[in-house]
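One structure is given here, and the rest of the page talks about it.
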Amino acid sequence: MKPIVALLGPPGSGKGTQAARLRDEHGFAALSTGDLLRAARAAGTELGRQASEYMDRGDLVPDDVIVAMVRDALADLDGRPVLLDGFPRTVAQADALAGVLADRGRELTAAVLIDVPDDVVVDRISGRHQDRDDDRPETVRDRLRVYHRQTEPLIDYYDARGLLRRVDGGQDADAVAAGVRAALG
Ligand code: ADP
């Protein structure tokens with residue numbers, strides 16, 4: 001069966017960079033909920049309008065909206081290795097993902113945590129070109145709070161299921177990529 005891998009980690013941990021590498025170097029279909037939401041917003045769809053206010057505050061978009069979006073996207077990816085970037089982000093999303101995958105005869109292969117401390121996240125995002133509205137320092141701190149409160153419980157969730165793999169995200173991108181490859185075997 002083709003693997004399905006979820007990347008976990010705080011904002012600024014480099015999930016997007018690693019997702020792009022796994023796509024380009026290993027043929028994964030990369031599904032980024034943040035990218036899908038930004039595309040919906042740019043296209044001015046109803047979904048984009050709904051999501052906008054949450055994103056601008058650094059809050060999570062409601063689970064039902066996200067799960068419906070991911071369910072649709074996964075319907076086109078049967079038979080392909082899939083990398084989930086930025087999803088799941090809550091325990092409710094993780095439970096829903098298990099159901100969506102079971103309906104398609106699939107299951108999650110691994111959840112790779114790209115581990116980076118908060119001070120590194122704040123330094124990195126304030127140092128990078130801020131072309132995203134939600135990269136303002138106040139919003140980054142809100143996103144970090146949301147990460148700790150709502151997403152971090154997934155570490156124990158996937159650890160308990162034997163699916164968690166940890167990678168030190170404080171290294172340069174090549175070293176992190178090597179860590180991710182090693183974690184996936
Ligand atoms: P980052 O990982 O740097 O925070 P993303 O591009 O993954 O950036 O997400 C940007 C924003 O999109 C989030 O702050 C949130 O508002 C929304 N979002 C993305 N993925 C999800 C998700 N799985 N559940 C809820 N909201 C999400």
Side-chain angles (χ1 to χ4, degrees), residues 4-23 28 30-43 45-74 77 82-101 108 111-155 157-158 167 169-170 173 176 180:
I4 302 189
V5 174
L7 286 184
L8 300 180
S13 57
K15 296 187 299 289
T17 303
Q18 298 303 324
R21 292 181 67 139
L22 286 163
R23 180 193 63 213
F28 277 82
L31 200 165
S32 157
T33 44
D35 285 351
L36 289 175
L37 292 170
R38 281 184 287 275
R41 178 157 69 173
T45 65
E46 180 54 30
L47 167 68
R49 266 195 302 276
Q50 282 175 11
S52 244
E53 51 172 317
Y54 297 98
M55 296 170 77
D56 289 342
R57 285 200 303 264
D59 278 341
L60 296 185
V61 175
D63 288 332
D64 54 340
V65 174
I66 295 287
V67 168
M69 186 177 84
V70 171
R71 182 190 296 278
D72 284 351
L74 282 172
L77 299 174
V82 176
L83 189 87
L84 301 171
D85 165 14
F87 177 89
R89 249 173 159 98
T90 64
V91 168
Q93 290 180 16
D95 284 336
L97 173 64
V100 167
L101 291 178
L108 195 71
V112 177
L113 171 65
I114 305 184
D115 217 355
V116 178
D118 285 10
D119 50 344
V120 174
V121 165
V122 173
D123 283 355
R124 277 191 191 169
I125 296 185
S126 56
R128 82 184 178 199
H129 179 60
Q130 294 181 13
D131 53 3
R132 269 172 53 181
D133 285 345
D134 61 350
D135 276 351
R136 288 188 306 273
E138 326 75 88
T139 316
V140 171
R141 279 189 290 273
D142 289 336
R143 280 155 62 206
L144 268 172
R145 266 195 290 277
V146 166
Y147 173 77
H148 289 303
R149 203 170 40 229
Q150 306 206 57
T151 307
E152 226 163 40
L154 290 178
I155 296 173
Y157 178 100
Y158 284 122
V167 174
V176 176
V180 171

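Indexing begins at 1, ligand by ligand and atom by atom, following the structure's order. For clarity, every value in this text was computed on a predicted model and none was experimentally measured.
Annotation: atom 13 (C) of ligand 1 to nearest protein heavy atom, Arg89 NH2, 3.9 Å. From the protein, the heavy atom lying nearest to atom 20 (N) of ligand 1 is Thr33 OG1, 2.8 Å. Among protein heavy atoms, atom 24 (N) of ligand 1 sits closest to Gln93 NE2, 2.9 Å. Scanning all protein heavy atoms for the shortest distance to atom 2 (O) of ligand 1 gives Lys15 NZ, 3.0 Å. Protein heavy atom at the shortest distance from atom 3 (O) of ligand 1 is Arg143 NH2, 2.8 Å. Atom 18 (N) of ligand 1 has Leu37 CD1, 3.5 Å as its closest protein atom, hydrogens excluded (heavy atom only). Of the protein's non-hydrogen atoms, the one nearest atom 16 (O) of ligand 1 is Asp59 O, 2.6 Å. Of all protein heavy atoms, the one closest to atom 8 (O) of ligand 1 is Arg132 NH2, 3.1 Å.
At a 4.0 Å heavy-atom cut-off, ligand 1 touches Met55 through backbone and side chain alike. When heavy-atom distances to ligand 1 are checked against a 4.0 Å cut-off, Ile66 comes that close only through its side chain, counted from C-beta outward. Under 4.0 angstrom from ligand 1, the non-hydrogen atoms of Asp134 all belong to its side chain.
Counting only distance, with no hydrogens or angles, the side chain of Gln50 and the backbone of Thr45 share no donor-acceptor pair below 3.5 Å. Between the Thr139 side chain and the Asp134 main chain, no donor and acceptor come within less than 3.5 Å of each other.
In Arg38, the CZ atom is crowded: over 12 heavy atoms of neighbouring residues, nucleotides or ligands sit closer than 6.0 Å.
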| request: Begin with the C-alpha distance, continue with both residues' side-chain angles, and end with the deciding distance and a verdict on side chain to side chain contact (heavy atoms under 4.5 Å, CB included) for Val176 and Arg21. | output: CA-CA 11 Å; Val176 176; Arg21 292 181 67 139; over 6 Å; no
